[in-house]
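Below: one structure, written as structure tokens.
Every value quoted in this text rests on a predicted model; they were computed, and no experiment measured them. In what follows, chains carry the letters A, B, and so on, assigned in the order in which the sequence lines appear, proteins first and then strands, with residues in each chain numbered from 1.
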Amino acid sequence: MPRRIVLRRDDPSPEGGDLTIDYRGELNEQQAAAATAKGGPVLIVAGAGTGKTRTLVYRVAYLVETGVRPEQITLLTFTRRAAREMLTRASALLDGRCQRVRGGTFHAFCLTILRRHAQAIGFKERFTILDSADAADVVDILRTNSGYHKGEKRFPRKKTLYTMFSAERNRDQPLEQVVETQYPQFIPYMDALHDLATQYDQYKRQHSLMDFDDLLLRTLELFQQHDDIRQQVATRCRHVLVDEYQDTNRLQAELVRHFGSVHGNVTVVGDDAQSIYRFRGADFRNIFDFPEQFENTQVLKLEENYRSTQAILDLANHLITQAQRSFDKELVAASGEEGDTPAVVPATDARDEARFVAQMIHDLREGGTPLNDMAVLFRSSFNSYDVEVELNRKNIPYVKYGGMKLSEAAHIKDVLAHLKVLENPADAASWNRVLQLLHGIGPKTAGDLIDWITSDAEDPFTLKERFYSGRYVEALKELFNLLRRLRTEELPLIAQVEAVVEYYEPICKDTYYEDFPKRLQDLEHFVGLAENASNRSDFLASLALDPIELSAMEAEPAQDDEPPLVLSTIHSAKGLEFSNVFIIHALEGVLPSQYAVKDPEAVDEELRLLYVAITRAKDDLFISYPMLQYRRYQGEHMARPSRFIEDVPEDLLEPVRLVEEGAASADLPENNHQALPGSSDTGSSDESAQSNDNLPF
DNA sequence: AGAAGGTCGTTTTTT
DNA sequence: ACGACCTTCT
């Protein structure tokens with residue numbers, strides 16, 4: 001037993017008189033208590049808009065001010081955007097001293113650990129990351145080779161398989177249970193599914209690949225197998241802070257436990273009413289398990305809402321009572337301001353709904369509201385198509401969050417695959433993509449070539465005297481020349497990317513001839529991105545873990561420096577706030593989603609989703625829906641408004657009627673179906689600035 | 001083996 | 001509207 005010398009913590013002076021920030025002055029009592037809480041486990045239960053982020057920012061500042069070194073603080077957030085914003089704000093409080101706080105998403109933080117210790121669990125240090133499409137492609141290779149799909153009945157598709165495997169890991173449920181509850185139609189294939197899941201794991205190990213789940217799972221594995229590494233990592237986590245704790249799953253909760261296992265200083269912040277990632281294994285209950293996992297947890301609450309008017313909060317409070325499980329929450333506006341009653345706006349069809357939204361936004365912008373202080377929120381990314389068309393027509397610039405990502409576009413993935421092959425020559429998934437781009441090479445040939453390439457770890461980029469087939473040798477030679485040149489010349493990243501793009505352009509032109517110019521433009525943007533990255537490995541990782549919205553590229557950035565309007569899925573709008581919010585497509589089957597309606601727990605989650613959307617609004621809120629909906633084949637269909645807003649009293653949610661310009665605003669029930677909810681002259685007592693009455697159309 | 005063309009089934013939310 | 005999968009042609 002080696003001799004032990006205990007390192008004392010030099011604890012900062014507890015109530016040091018020399019703090020530069022006046023915490024009690026700048027925060028309310030509850031916030032200040034949370035920000036300056038002593039070490040140990042702390043659970044902050046915070047309602048929407050109660051200054052959760054602000055409190056966390058001040059807590060970071062407080063810790064730094066009281067002597068914790070920034071690099072000993074680990075701040076785990078849901079997105080990188082959130083991490084960046086918090087660190088910028090904390091640094092602003094303390095003239096830059098918080099820059100070196102470590103942080104980011106669970107996945108990104110785990111990646112930094114794994115890069116250092118991957119060998120300990122049998123991965124190459126330069127393993128590459130599979131995004132969900134890549135992962136599905138790997139599964140597809142195994143699926144095709146296995147021949148399981150050749151049976152009589154339908155075998156699950158690649159995406160479904162990957163989703164199943166991912167669910168098993170994220171929910172910590174055996175595959176049987178996932179299949180029985182979610183995919184009963186595939187129960188007969190249970191053995192095949194097990195086999196494929198095992199093969200998938202082996203394949204990734206063999207080729208040094210990790211999917212998103214692996215980043216969390218392998219980190220846990222690392223800690224379990226190597227206690228010294230766990231200790232080393234946890235020692236550097238003097239304080240762990242976790243935002244959005246209600247949306248962590250068991251894996252993440254387990255990781256938090258490990259990170260905090262040396263110092264025990266873990267602060268988590270969350271709101272059970274805003275838990276919206278059940279599909280990823282999050283359970284709003286985990287926030288209540290926290291005190292059980294960490295003894296002597298201090299539980300603190302933030303209750304005053306600083307964001308919204310009381311009228312908006314009244315609606316939110318009312319809606320959340322519809323949940324099966326009750327949330328003991330009653331949001332109260334700190335400002336005491338009542339504000340305008342939120343409006344519900346039925347439109348004839350999606351096009352009229354879009355016209356309404358675009359017109360309102362146009363008028364508000366004319367009236368001085370900055371575009372980026374308004375948002376259009378929706379359940380699924382395609383719900384915004386009509387709005388996008390209208391915005392383009394009116395020349396209103398926007399960014400869309402939650403849509404197609406740059407790195408998901410086929411042509412970008414192609415280029416990325418070349419870079420990944422350079423990074424990790426064992427990355428068979430990328431080889432597969434790279435090789436099949438060549439004429440004359442399909443799945444079979446690619447597979448054979450890959451076996452041969454990846455078996456020669458020494459010199460993977462040299463074409464040996466084998467596999468000659470007239471159809472593709474020339475192309476193959478050209479590819480290998482490129483790779484070998486990039487491999488040996490140690491060019492800066494930007495030059496590598498340029499070389500790959502130059503090589504790829506003709507291929508791109510060939511395969512995507514219809515919209516080649518548009519794709520070429522994306523490729524140029526992509527080259528530009530490489531300029532800001534420090535090295536290839538970081539570049540590839542950040543594209544996978546912090547994907548860039550394709551629409552942010554397309555909408556030429558800042559023509560006139562006016563920050564654009566925000567279009568966002570509700571999921572991606574988490575944590576944000578806007579003075580005016582438009583929630584569109586509030587329809588049965590959309591919100592709640594048609595996939596949720598059978599399961600009461602899933603319906604609850606959809607309700608929480610609406611709750612999150614509503615509580616993004618500071619001043620004005622409009623919920624709209626089309627009365628006619630397009631269905632694939634049958635053309636137009638009657639749509640039902642969302643069950644969540646159907647029976648809301650009119651003093652909480654005021655009906656508004658859209659009237660076509662020129663038409664008499666008298667009541668003409670031009671629709672023979674479901675009456676418009678209430679007529680427009682339900683006499684709201686005062687027609688305040690924002691007329692919620694007949695909107696001229 | 002691969003390309004090309006036709007048919008059938010599916011369709012959310014994200015790291 | 002798209003992708004997966006099957007059939008037929010090169």
Problem - Side-chain N or O of A/T79 closer than 4.0 Å to phosphate OP1/OP2 of B/dT14 - result: no

Exercise for the section: Salt-bridge test for A/K413 and A/D134: reply yes if a basic N is under 4.0 Å from a carboxylate O, no otherwise. Expected result: yes

Fill in the blank from the handout: Of the candidates B/dT14, B/dT15, B/dA1, the side chain of A/F279 sits closest to B/dT14

Exercise for the section: For A/F106, answer base if it contacts any base atom (sugar-phosphate contacts may also be present), sugar-phosphate if it contacts only those atoms, and nothing otherwise; contact means non-hydrogen atoms under 4.0 Å. Expected result: nothing

Problem - Ion pair A/R608/A/E605, N-O distance below 4.0 Å - result: yes

Exercise for the section: Consider the side chain of A/S380, meaning its heavy atoms from C-beta on, and name the nucleotide among B/dT13, B/dT15, C/dA4 that approaches it most closely. Expected result: B/dT13

Practice task
Test A/H258 against every option in A/F106, A/F109, A/F223 by the ring-ring contact (aromatic ring centres under 6.0 Å, His included) rule and name the one that passes.
Solution key: A/F223

Handout entry: side-chain N/O A/T569 vs B/dT14 OP1/OP2, d < 4.0 Å
Key = yes

Exercise for the section: Select one nucleotide: of B/dT14, B/dT12, B/dT15, the one nearest the side-chain heavy atoms of A/T105. Expected result: B/dT15

Handout entry: Validation row, ring centre A/Y148 to ring centre A/Y189 under 6.0 Å
Key = no

Problem - Nucleotide nearest A/S132 when distance is taken to its side chain, options B/dT13, B/dT11, B/dT15 - result: B/dT15

Problem - Short side-chain N/O contact from A/K159 to OP1 or OP2 of C/dG3, under 4.0 Å - result: no

Exercise for the section: Return the value, rounded to whole Å, for the distance between atom OH of A/Y595 and atom C1' of B/dT11. Expected result: 4 Å

Enumerate the protein-to-nucleotides 3-7 of chain B contacts in which both atoms are nitrogen or oxygen and the separation is below 3.5 Å.
from: B/dA3; atom 1: OP1; to: A/G440; atom 2: N; distance (Å): 3.3

Handout entry: Minimum-distance nucleotide (side-chain atoms of A/K444 versus B/dT14, C/dA4, B/dA1)
Key = B/dA1

Practice task
Output yes when A/E549 and A/R81 qualify as a salt bridge under the 4.0 Å nitrogen-oxygen rule, no when they do not.
Solution key: no

Please tabulate, one pair per line, all N/O donor-acceptor pairs under 3.5 Å involving side-chain atoms of residues 538-547 of chain A, not counting sequence neighbours.
from: A/D538; atom 1: OD2; to: A/S534; atom 2: OG; distance (Å): 3.2
from: A/S542; atom 1: OG; to: A/D538; atom 2: O; distance (Å): 3.4
from: A/S542; atom 1: OG; to: A/F539; atom 2: O; distance (Å): 3.3

Practice task
Would you indicate, yes or no, if B/dT13 has its OP1 or OP2 atom less than 4.0 angstrom from a side-chain nitrogen or oxygen of A/S572?
Solution key: no

Exercise for the section: Would you please indicate if the ring centroids of A/H571 and A/Y401 are separated by under 6.0 Å? Expected result: no

